[in-house]
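Report on one structure; see the data block that follows.
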Amino acid sequence: MDFSEKVLGLVKKIPKGKVTTYKKIAKKLNTNAYRAVGSALRCNDKPIIIPCHRVVNSDGAVGGYKGVKNSKEKIRLLKKEGIKIKSSKIENLKNHLVM
DNA sequence: AGTCGAGCGCGCA
DNA sequence: TGCGCGCTCGACT
């Protein structure tokens, strides 16, 4: 569970209005298991303290949320935080990227 | 551009 | 032990 814990720990630190990618997280953990990052977030039981909606794909696609791909809920949440989203893709991704 | 297959770490059967 | 997953990237079409 170390892996998952680390992932959750990092995601938890993402400030409001900012996002990061699965890839960056994996890199931070010194691994190439990008999928494992998604898995960890998917299995996370505390969406309250773990804003998994702030984690997106490297190309800006929102990915998924709560086990559902392209979750409209996730998109709306991000938009609410001031992030522009066009057709399930984040615009100016670089502008919101952290880490 | 769009699609396919291969690699990673963890969880579940 | 084996397979799949909220992913990514290099190769092919």
Side-chain angles (χ1 to χ4, degrees):
Chain A
M1 279 296 244
D2 299 332
F3 188 82
S4 305
E5 292 292 320
K6 286 182 199 163
V7 173
L8 299 182
L10 287 174
V11 174
K12 185 165 52 175
K13 292 181 190 166
I14 303 175
K16 178 171 177 281
K18 294 290 179 185
V19 299
T20 191
T21 67
Y22 297 99
K23 180 184 166 189
K24 279 185 176 281
I25 294 175
K27 280 268 206 238
K28 281 281 177 263
L29 299 182
N30 255 8
T31 180
N32 309 301
Y34 314 111
R35 299 206 266 181
V37 177
S39 270
L41 287 177
R42 193 205 150 212
C43 285
N44 107 72
D45 47 337
K46 306 171 182 334
I48 316 299
I49 60 174
I50 313 291
C52 9
H53 62 274
R54 291 187 191 140
V55 186
V56 298
N57 294 4
S58 64
D59 62 347
V62 292
Y65 185 56
K66 292 190 38 165
V68 183
K69 288 204 227 180
N70 294 331
S71 174
K72 302 288 195 262
E73 201 57 27
K74 178 168 182 176
I75 296 175
R76 233 191 35 220
L77 282 169
L78 291 171
K79 278 171 120 177
K80 247 187 191 323
E81 301 197 347
I83 297 171
K84 306 285 195 301
I85 298 189
K86 174 79 187 259
S87 299
S88 303
K89 297 263 183 152
I90 292 184
E91 293 202 20
N92 303 324
L93 176 63
K94 238 173 55 126
N95 195 45
H96 303 289
L97 261 183
V98 290
M99 288 168 70

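Proteins come first, then strands; the chains are lettered A, B, ... in the order of their sequence lines, and each starts at number 1.
Residue-level contact check: A:Gly63 touches neither bases nor backbone, having no heavy atom under 4.0 Å from any strand. Heavy atoms of A:Val68 sit nowhere under 4.0 angstrom from any nucleic acid atom.
Taking atom NZ on A:Lys23 and atom P on C:dC5, their separation rounds to 23 Å, with Å as the unit. Taking atom CZ of A:Arg42 as the reference point, atom C1' of C:dC5 lies 7 Å away to the nearest angstrom. As rounded to whole Å, 14 Å separates atom P of B:dT3 from atom CG of A:Asp59. Across the protein-nucleic acid pair, A:Asn57 atom CG and C:dC5 atom C1' stand 13 Å apart, rounded to whole Å.
Note: A:Lys69 NZ to A:Lys74 NZ = 12.0 Å, rounded to the nearest 0.5 Å. A:Ser58 contributes atom OG, which lies 10.5 Å from atom NZ of A:Lys24 (distance to the nearest 0.5 angstrom). Rounding to the nearest 0.5 Å places CG of A:Leu41 at 11.5 Å from NE2 of A:His53.
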Please encode protein proximity along nucleotides 7-13 of chain B as a string of B, S and -, counting only heavy-atom distances under 4.0 Å.
BBBSS--
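Looking at A:Asn57, its side chain never comes within 3.5 Å of a backbone N or O of A:Asp59 through a donor-acceptor pair.
Under the side-chain contact (heavy atoms from CB on, under 4.5 Å) test applied with A:Val11, the options A:Ile25, A:Asn44, A:Ile49 reduce to a single match, A:Ile25. For the side-chain contact (heavy atoms from CB on, under 4.5 Å) criterion with A:Arg54, the lone passing option out of A:Ile14, A:Ile83, A:Val98 is A:Ile14.
Neither A:Leu93 nor A:Val55 shares a network with the other; the hydrophobic side chains, linked directly or stepwise wherever heavy atoms of I, L, V, M, F, W or Y lie under 4.5 Å apart, form separate groups for each.
Partners of A:Ser39 according to the side chain to side chain contact (heavy atoms under 4.5 Å, CB included) rule, which considers only residues two or more places apart in sequence or in another chain, do not exist here.
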Here DNA chain C, pairs taken as Watson-Crick or G-U under 3.5 Å and shown with ( ), [ ] when crossing and | when to another strand, reads |||||.|||||||
